[in-house]
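Take a look at the structure set out below.
In each ligand, atom 1 is the first atom listed, and ligand 1 is the first ligand listed.
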Amino acid sequence: MSVVIAVTNQKGGVGKTTSAVNIAYYLAKSGKRVLLVDLDPQGNASSGLGIDKANLQATMSEVLLGTAEMDACIIATEHKNLSLAPTTSHLANAEVEMAKLDRKFARLKTALATVSDRFDFILIDSPPSLSLLTVNGLIAARYVLLPVQAEFYALEGLGQLLETMKLVRKGMNPSLELLGVLPTMMDTRTTLSNQVYEEIKKHFAGKVFQTTIPRNIRLAEAPSHGVPIGAYDRWSKGARAYKAVAKEVVERVG
Ligand code: ATP
Ligand code: MG
């Protein structure tokens with residue numbers, strides 16, 4: 001059975017995809033069998049891994065609509081132990097269609113169950129909304145990894161996410177847990193970054209990862225080369241930080 005982790009924050013541009021791709025990469029590098037599920041119609045996780053979206057047999061759209069098996073959509077990446085369930089912009093339409101189907105909240109959970117014996121970890125990259133797709137992620141997952149950008153409005157809107165998690169816990173997924181809060185794009189030279197970090201720690205006592213992710217241009221460059229940071233500049237600050245976070249993830253899930 002795999003450990004399913006949804007990387008979620010309905011705020012846009014906080015580092016969800018960067019975290020999902022790079023944590024997945026370092027988990028795979030440490031020998032875990034990892035599946036990264038791209039659940040965002042933007043398809044950033046798919047492009048970030050250099051996938052040619054024009055030549056896909058099946059994507060998460062078909063899987064969620066029930067016209068393809070999960071297994072048919074999974075592709076191996078050029079990185080050992082790392083597989084991807086890709087997505088294209090069609091997922092936006094698929095989400096609308098999916099809303100009309102039976103068991104619309106549990107479709108991802110059902111699909112992942114068919115492949116869960118093949119992976120140690122399944123990471124889900126969520127879209128920046130509290131949409132049906134995001135809720136499917138929360139219902140399929142055992143844990144939520146919450147990236148929070150160290151900037152002024154960081155904590156705004158998080159109440160809504162925590163509320164949604166509570167509802168999911170009361171309803172379809174009682175075992176959903178916050179795995180940890182990951183401060184991203186930290187600039188320790190600025191007072192603001194440090195203040196926000198302190199506030200995050202106060203707000204989420206005991207739940208904040210020891211490691212924080214620095215603002216690092218190499219992390220922003222890697223996707224344009226279609227590779228995780230570890231395959232682009234493994235000695236960069238960003239690479240070392242994500243490697244450390246992946247280690248913490250393994251420790252936290254015990
Ligand atoms: P969305 O909500 O649109 O899906 P996201 O939460 O997935 O966004 P990312 O795409 O990971 O966020 O990051 C937003 C932008 O910031 C991207 O251009 C990414 O390359 C850049 N970025 C992410 N993390 C860092 C970092 N630590 N340092 C510098 N740039 C970063
Ligand atoms: Mg993203």
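Within ligand 1, counting atoms from 1 as listed, the ones closer than 4.0 Å to a heavy atom of I213 are 27 (N).
Ligand 1 has no nitrogen or oxygen under 3.5 angstrom from a nitrogen or oxygen of S19. Of the N or O atoms in T17, one or more lie within a sub-3.5 Å distance of an N or O in ligand 1. Below 3.5 Å of separation, one finds no N or O of R215 facing any N or O of ligand 1. For P128, no nitrogen or oxygen atom sits less than 3.5 Å from a nitrogen or oxygen atom of ligand 1, counting backbone and side chain alike. Not one N or O of N44 is nearer than 3.5 Å to an N or O of ligand 1, by distance alone.
Closest heavy-atom approach to atom 27 (N) of ligand 1 within the set G238, G15, P214: this belongs to P214.
Because its NZ or CZ atom is both nearer than 6.0 Å to the ring centre of F209 and within 45° of the ring axis, R252 counts as a cation-pi partner of that residue.
Shortest contact from atom 4 (O) of ligand 1 to any protein heavy atom: Q42 NE2, 3.3 Å. In terms of protein heavy atoms, atom 21 (C) of ligand 1 is closest to A220 CB, 4.3 Å. When hydrogens are left out, the protein atom nearest atom 17 (C) of ligand 1 is T18 OG1, 4.8 Å; that is the closest non-hydrogen contact. Residue, atom and distance of the protein heavy atom nearest to atom 28 (N) of ligand 1 are N216 N, 2.8 Å.
Assignment of T184 to the shell around ligand 1 is not supported, since no heavy atom sits closer than 4.0 Å.
Distances under 2.8 Å from the Mg ion (ligand 2) pick out the protein N/O/S atoms T17 OG1.
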